[in-house]
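Note that the structure is a prediction, hence the values are computed from the model and not measured.
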Amino acid sequence: MEGEGFARKVTLNDGNKMPMFGLGVFAASGEETLRAAKFALKSGYRLIDTAAYYENEAEVGQAIKESGIKREDIFLVTKLRTEGHGYDECLQDFNTSLTKLDVSYVDLFLIHTPRGGKNVDSFKAMMKLKEQGLIRSIGVSNFGVNHLKEMEKAGLPTPAVNQIELNAYWRLEDIVKYCQEKGIAVMGYAPIFRGQKNDDPILVEMASRYKKTVPQLLIRWSFQKGYITIPKSSKPERILENADIFNFTISDEDMKALNAMPTEQCYTPLVNITDCPWKG
């Protein structure tokens, strides 16, 4: 890892460097996304995470253009739809995303979920796109240990990134450990548990000692664990608040307490997604 604050980066297993902190735009409308992404970029953010499924790629691309920031200074992530699994389907879906984003390349392209099957074919298509210079790094999202092992059995290169739900309540230690052993960068979404823990007395007390908010405490937990983290917000004040986590360090004792919080998943509709059957 190198740099401080927004400039803190992790070197992926393919040699590319990725910011450890950025903006997630899940569940944001087009106009919300445009405003949020432009404000975030103006405020120092250099990583934006979107997906075809979010239906806001065009607005992310517009924000990048209107930001006035050089394209090479922004790390752009998008993902393959479940309906886009398969070799030819993946190529077609990626080209659709690239057109909507209106950029010449994507920094990181992920298989959004293993549920669609044809993961091997999709990954091979992504490798082809990388050879063509249209993708800088390729990875996966919501993949469990079983899925990653099956990818390896298929003779595929190790993914650069695995994006999964990660927060102090949903720690997925087995997946994190496996990824770290294999050199796969861990990227976490829902770091603040969608704001549902803002009134938790343990977190409130702990955050107050650092003169920080509960979301800032939880984001710092992710950052301190070495995870790439992408808190989502469309409100300017929250975008600024979420980024104000580089000027304090959670003590070892408090990290131990956070690592022992009750296990609970934020996105209940996705329960067991990392345990879903492998369909090739």
Side-chain angles (χ1 to χ4, degrees), residues 1-25 37 40-51 57 60-61 63-65 67-80 94 97-98 101 103-112 123 126-141 143 148 151 156-164 166 175-189 191 219-232 239 242-247 249:
M1 298 177 189
E2 62 179 46
E4 297 295 334
F6 288 117
R8 186 77 176 270
K9 294 182 179 181
V10 59
T11 301
L12 304 180
N13 59 23
D14 56 13
N16 291 327
K17 297 181 187 299
M18 182 176 182
M20 286 189 61
F21 179 86
L23 178 73
V25 296
L41 289 170
K42 180 181 178 182
S43 303
Y45 285 66
R46 291 296 180 266
L47 162 63
I48 300 180
D49 176 271
T50 184
E57 289 173 309
V60 167
I64 290 173
K65 277 191 165 49
S67 72
I69 300 168
K70 293 180 181 178
R71 171 66 188 89
E72 58 267 28
D73 292 334
I74 298 171
F75 197 100
L76 176 60
V77 183
T78 193
K79 310 178 194 74
L80 177 68
F94 175 80
S97 289
L98 201 65
L101 289 161
V103 294
S104 59
Y105 68 94
V106 168
D107 293 277
L108 175 63
F109 192 54
L110 306 175
I111 296 177
H112 204 155
F123 206 78
M126 292 160 67
M127 292 165 59
K128 179 67 174 178
L129 292 165
K130 184 178 180 183
E131 289 175 5
Q132 295 172 342
L134 299 174
I135 299 171
R136 297 289 171 86
S137 295
I138 54 180
V140 296
S141 179
F143 272 48
L148 294 169
M151 297 276 282
L156 297 173
T158 304
V161 172
N162 185 18
Q163 183 184 125
I164 52 180
L166 273 180
I175 301 176
V176 169
K177 180 181 178 183
Y178 185 84
C179 287
Q180 291 174 339
E181 289 173 347
K182 293 293 181 177
I184 302 170
V186 177
M187 184 177 185
Y189 62 84
I219 295 168
R220 180 68 200 190
W221 175 87
S222 290
F223 190 77
Q224 217 162 296
K225 294 280 283 187
Y227 306 148
I228 300 162
T229 187
I230 45 170
K232 179 258 176 182
I239 291 172
N242 290 344
D244 189 21
I245 55 98
F246 306 120
N247 54 4
T249 301

Can you tell me how far the [atom1] atom of [X] sits from the [atom2] atom of [Y], to the nearest 0.5 Å?
{"X": "Leu101", "Y": "Leu76", "atom1": "CG", "atom2": "CG", "result": "5.5 Å"}
{"X": "Lys130", "Y": "Leu108", "atom1": "NZ", "atom2": "CG", "result": "10.0 Å"}
{"X": "Phe223", "Y": "Arg8", "atom1": "CZ", "atom2": "CZ", "result": "5.0 Å"}
{"X": "Thr158", "Y": "Leu148", "atom1": "OG1", "atom2": "CG", "result": "9.0 Å"}
{"X": "Phe75", "Y": "Met20", "atom1": "CZ", "atom2": "CE", "result": "13.0 Å"}
{"X": "Ile230", "Y": "Ile48", "atom1": "CD1", "atom2": "CD1", "result": "11.5 Å"}

So which heavy atom on [X] is nearest to which on [Y], and how close?
{"X": "Ala160", "Y": "Asn13", "value": "CA-OD1, 3.4 Å"}
{"X": "Met187", "Y": "Val77", "value": "CE-CG2, 4.5 Å"}
{"X": "Gly15", "Y": "Thr11", "value": "O-CG2, 3.9 Å"}
{"X": "Pro191", "Y": "Ser222", "value": "CB-OG, 3.9 Å"}
{"X": "Gly188", "Y": "Leu166", "value": "CA-CB, 3.9 Å"}
{"X": "Thr50", "Y": "Lys79", "value": "O-NZ, 2.7 Å"}

Let me see the working for Leu80 and Phe94 under side-chain contact (heavy atoms from CB on, under 4.5 Å), right down to the final yes or no.
-> CA-CA 7 Å; Leu80 177 68; Phe94 175 80; 6.0 Å; no
Give me the ring orientation class for Phe6 and Tyr45: parallel if the planes are under 30° apart, tilted from 30 to 60°, perpendicular past 60°.
->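 It falls in the tilted class, 30° to 60°.
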Judged by modelled atom types alone, do Ser137 and Asn16 share a side-chain donor-acceptor pair under 3.5 Å?
->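 There is such a pair between these side chains.
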Check whether any side-chain heavy atom of [X] lies under 4.5 Å from a side-chain heavy atom of [Y], and answer yes or no.
{"X": "Cys179", "Y": "Ile164", "answer": "no"}
{"X": "Phe143", "Y": "Met151", "answer": "yes"}
{"X": "Lys225", "Y": "Val176", "answer": "no"}
{"X": "Leu47", "Y": "Ile228", "answer": "yes"}
{"X": "Asp49", "Y": "Tyr189", "answer": "no"}
{"X": "Leu23", "Y": "Asn242", "answer": "no"}
{"X": "Met18", "Y": "Asp107", "answer": "no"}
{"X": "Glu57", "Y": "Leu98", "answer": "no"}

side-chain contact (heavy atoms from CB on, under 4.5 Å) between Thr249 and Arg220, intermediate numbers included = CA-CA 8 Å; Thr249 301; Arg220 180 68 200 190; 3.7 Å; yes
side-chain contact (heavy atoms from CB on, under 4.5 Å) assessment of Val186 paired with Ile175 = CA-CA 9 Å; Val186 177; Ile175 301 176; over 6 Å; no
Is the count of non-hydrogen atoms from other residues, nucleotides or ligands lying under 6.0 Å from Lys177 atom NZ greater than 12?
->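 Open: at most 12 neighbouring heavy atoms sit under 6.0 Å from NZ of Lys177.
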Option from Leu134, Leu156, Val140, Ile111 for which side chain to side chain contact (heavy atoms under 4.5 Å, CB included) with Met126 holds |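 For Met126, the side chain to side chain contact (heavy atoms under 4.5 Å, CB included) test succeeds with only one of Leu134, Leu156, Val140, Ile111, which is Ile111.
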Within 45° of the axis and under 6.0 Å from the centre of the six-membered ring of Tyr105, does NZ or CZ of Arg71 qualify?
->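 Flagged: Arg71 positioned over aromatic ring of Tyr105.
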Lys17 side-chain N/O to Leu12 backbone N/O, donor-acceptor pair under 3.5 Å =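 Side chain of Lys17 to backbone of Leu12: no pair is present.
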Between the side chain of Arg136 and the main-chain N/O of Val106, is any donor-acceptor distance below 3.5 Å?
->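 Judged by distance alone, no pair lies under 3.5 Å.
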